[in-house]
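Note sheet for the following structure.
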Amino acid sequence: MLDTPQDDLSESGRELSQADGLYLQMYSVHGLIRGHDLELGRDADTGGQTKYVVELARALGERPEVAQVDLFTRRIDDPRVSDDYDEAIEPLSEHARIVRIRCGGGRYRRKERLWPYLDAFVDEALRFTREQGRWPDLVHGHYADAGYVARHLASYVGAPLVFTGHSLGRTKLQVLTGAGLSEEEVDERYHIHHRIGVEETMLRDADVVIASTSHEMERGYELYKAAPEASFEVIPPGIDVNRFYPYYHDLDENLDPGEDARRARVRMREEIGRFLNRPEKPLILAISRPDKRKNIEGLVTAYGEDKELQSIANLAIFAGVRRDIRDMSDNEREVLTELLLLMDRYDLYGKMALPKKHDPDTDIPVLYRLAAASGGVFINPALTENFGITLIEASSVGLPVVSTDHGGPQDIISNCRSGVLIDARDREQIRRELKRVLVERELWETYSRNGVDGVRQYYAWDAHAERYLEVVGPLLASAEDDDDRPAARRRTGVARWLDQAERLLVSDIDHTLIHDDDPEAGDVEALERLGEVLRASKVAFAVASGRSLELVQEALDEHPMPLPAVVISSVGSEIHYAGGDTEERRWLPDDGFARHLQHQWDRDAVREVLAGIEGLTPQEDEAQRRFKLSFFVDDEALAETAKRTLHEAGLKATVIYSHGAFLDVLPPRASKGKAVRFLGQKWGFANQRIAVAGDSGNDEEMLRGPAKAIVVGNFAPELAHLQGKRGVYVAEGTYAAGVLEGLRHWGFIKDDD
Ligand code: GLC
Ligand code: MG
């Protein structure tokens, strides 16, 4: 066992040398993710985030500092979706790949339904990671669900944690209740409170929270209680600058845009052209969903009211794809109807195009380039704008922009200087600025050039990756400068700890290692010796106690006990791992175990039934836990009465009697022995590599196998019948001396230890 595990990490043979570069783990659990032909928009879970994480993984993989990026997502085996999502490993590039992890069966499920399966995802991802022969230098979760997974992984492996919300539960709740739904309805449909709770934890625990815009940080994350504790960084998402290449490349005979782009150009020219009398005029281009907040009506009114503007430029509005406006949702139908009425009212026939369809994938970049080649402008007249990706796309091809000054566009324009901000409610200002950019050719050229350069500097994925590594840099381990160890090196990752151990000792505390609370009694010398021997060995140390975690901590503080990597407390109904960092130790709960214990446990009903049994006196409040109800009893027979009564009431529980005084009632899946078995499976210790030590009835079920058992010489009478049983060693020595004797007997330590 290693006392301060982090000191020994650099010596661990499993670590690749830093010279090979960083190993980054990304998590994005929901939706359909693959390296090619993303099915964006196929469902609500397969959208922007899907694309974002794939492009981020690729971009990070291109960085010289990075050796490997693994993007973990859910593995899906479902006839309704492509087999691609059932590939365990899919390479994305030389240094990046998708790793698919099974959880909750093969069925494709929407994200709101994935919560119960995330603990299984954690355990599988942990298993995968341990097989890699290398620990990640960084773990990054995308969206609350993967945030949950990433938080567990990061604490297990002792890596820094990064979180990106992508969208936020509190914002969604606000929007939906604003739209008239009750909070209960929203929760039923979206499990929104659970999601919000996880997001709060992420803000508290993540070393860095990445927002795409300052607006998202200020308006979205600000709604969270933990926001003041969080450490935010704004890094805008990248765009694919190869798709949004500068408009003048199309004029270059030597550059071939490819067949698709060429066809798209012809198609779009025709599509716009059929609306216009003078298609050669500059184009004012707007692209947005037909949504009231996008204020397209305001734009058409501004244009319709101004004959001069109409003579300078045409107006083209791409407001989604439609077949029959009458079949669309209320909001969309109202917006589109209004646009047509305004077109008629201002008689904009021949000047304004409102095309019915375009292919979002191939046509959008072409539209920007056509507008730029015409000497036109892109306009975003929205009343509210979170991010403003269209501004970046337009700027990227060299099309100057006139945009709402609300939200994300502020960042974009101040970075790229590719156009002007306007107050979208001020139609006069809209007209004035549009004309200025359209007419002053030098200004137009400047904005155009600034856009092409600025986007590549700030919004290309490689710029994003560069900034990303700058931001996380201070968190990353550097093997050389041990003195000024960054966060990752200071952390205790229980996985690193347990992984170096070949065997595991799980010992009871009271009357096995110590005698009650008296620090002088028991065998103090042997206890100190046990610590030394374990430290020098390859045996990891865990305790399993009837005490609560707080009382275990008290025992650790008051007695010279070795520091355990794992604490099984409250009679096997809770598991915690040593975590935190060297400055601040923390006990990290195994949430997977807690979920496991929920099975068939009806605490309230059990308590009620037991309350009716005479002779059961509840222990103090601190002894009553979520998965443990404890009583004082003066008669062993009461244990049988309790069991029978529960059985008759149709309730499942584990009932444990010990020391002639205590009765513990636990979920059917809890007990010290079951907790040990859970640990062995989770961390890969076979039964013969686990030794368990105890002294009394609440250890019995753990001592009865299948691990190697050690019963200390001072055992309680209820264990007398274990003497002579196979797999059980009853020591002569008492307390820690008995444990040492047992470890020698089972060959866990050498005979001279
Ligand atoms: C510890 C616990 C108590 C429990 C007893 C036996 O003393 O504090 O709640 O009943 O162990 O398991
Ligand atoms: Mg005991």
Side-chain angles (χ1 to χ4, degrees), residues 505-518 521-523 526-527 530 542-556 558-559 561 564 567-576 603 606-607 610 613 615-636 638-639 642-643 653-667 670-676 691-704 709-720 722 728 730-731 733-739 742:
L505 165 65
V506 186
S507 177
D508 171 49
I509 298 177
D510 292 279
H511 299 104
T512 300
L513 297 178
I514 63 175
H515 176 89
D516 283 339
D517 285 330
D518 182 356
D523 191 337
L527 185 56
L530 177 67
V543 292
S545 175
R547 293 177 177 237
S548 64
L549 179 66
E550 296 73 30
L551 292 177
V552 169
Q553 183 63 58
E554 228 173 85
L556 295 176
E558 286 163 13
H559 301 267
M561 298 230 318
V567 172
I568 297 171
S569 56
S570 299
V571 204
S573 66
E574 291 174 27
I575 296 178
H576 287 84
R603 186 182 190 272
V606 169
R607 198 177 46 182
L610 294 176
I613 301 179
L616 289 190
T617 315
Q619 293 180 15
E620 64 284 4
D621 285 351
E622 299 83 77
Q624 315 299 341
R625 316 283 289 190
R626 178 169 169 216
F627 295 119
K628 168 175 169 283
L629 295 167
S630 291
F631 303 85
F632 297 115
V633 290
D634 43 21
D635 179 0
E636 177 165 11
L638 279 167
K643 273 187 209 167
T654 304
V655 177
I656 294 170
Y657 172 72
S658 62
H659 291 286
F662 303 126
L663 193 75
D664 301 311
V665 182
L666 317 167
S671 75
K672 286 185 177 182
K674 287 178 187 150
V676 171
V692 290
D695 73 293
S696 80
N698 80 5
D699 305 312
E700 173 171 350
E701 177 264 356
M702 135 175 124
L703 294 167
R704 269 196 322 229
I710 302 167
V711 177
V712 289
N714 52 304
F715 59 85
E718 67 255 23
L719 291 193
L722 287 181
V728 179
V730 181
T734 57
Y735 300 96
V739 177

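First listed ligand is number 1; within each ligand, the first listed atom is number 1. Reckoned from all heavy atoms, side chains included, excluding hydrogens, waters and symmetry mates.
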CD of E700 to CD of E718: how many Å apart, nearest 0.5 Å? 8.0 Å
When you measure from the side chain of T654 to the backbone N and O of P667, does any donor-acceptor pair fall under 3.5 Å? yes
N/O/S atom of D699 inside 2.8 Å of the Mg ion (ligand 2), strictly under: no
Less than 4.0 Å between a side-chain N and a carboxylate O, is that true for R625 and E620? no
Please report the closest heavy-atom contact between A653 and V665, naming both atoms and the distance. CB-CG1, 3.8 Å
Enumerated ligand 1 atoms positioned under 4.0 Å from heavy atoms of A623: 9 (O)
Which heavy atom of the protein is the closest neighbour of atom 9 (O) of ligand 1, given with residue, atom name and distance? Q619 OE1, 2.5 Å
Under 4.5 Å between any side-chain heavy atoms of Y657 and L663, yes or no? yes
Check the pair V571 / I656 against side chain to side chain contact (heavy atoms under 4.5 Å, CB included), numbers first and verdict last. CA-CA 9 Å; V571 204; I656 294 170; 4.0 Å; yes
For V571, the ligand 1 atoms with a heavy-atom partner under 4.0 Å come out as 12 (O)
Considering just N/O/S atoms, say which atom of D510 is closest to the Mg ion (ligand 2). O
Atom 8 (O) of ligand 1: which protein heavy atom is closest, and how many Å away? G546 O, 3.8 Å
Specify which N/O/S atom of D695 comes nearest to the Mg ion (ligand 2), by atom name. OD1
Ring geometry between H511 and Y735 (parallel below 30°, tilted from 30 to 60°, perpendicular above 60°): tilted
State whether the shortest distance between N or O atoms of N698 and N or O atoms of ligand 1 falls below 3.5 angstrom. yes
Enumerate the atoms of ligand 1 whose separation from the nearest heavy atom of K628 is less than 4.0 angstrom. 3 (C), 9 (O)
Kindly give the atom name of the N, O or S atom of D508 closest to the Mg ion (ligand 2). OD2
Going from NZ on K672 to OG on S545, what distance comes out if it is rounded to the nearest 0.5 angstrom? 5.5 Å
The closest protein heavy-atom partner of atom 10 (O) of ligand 1 is D664 OD1, 2.6 Å
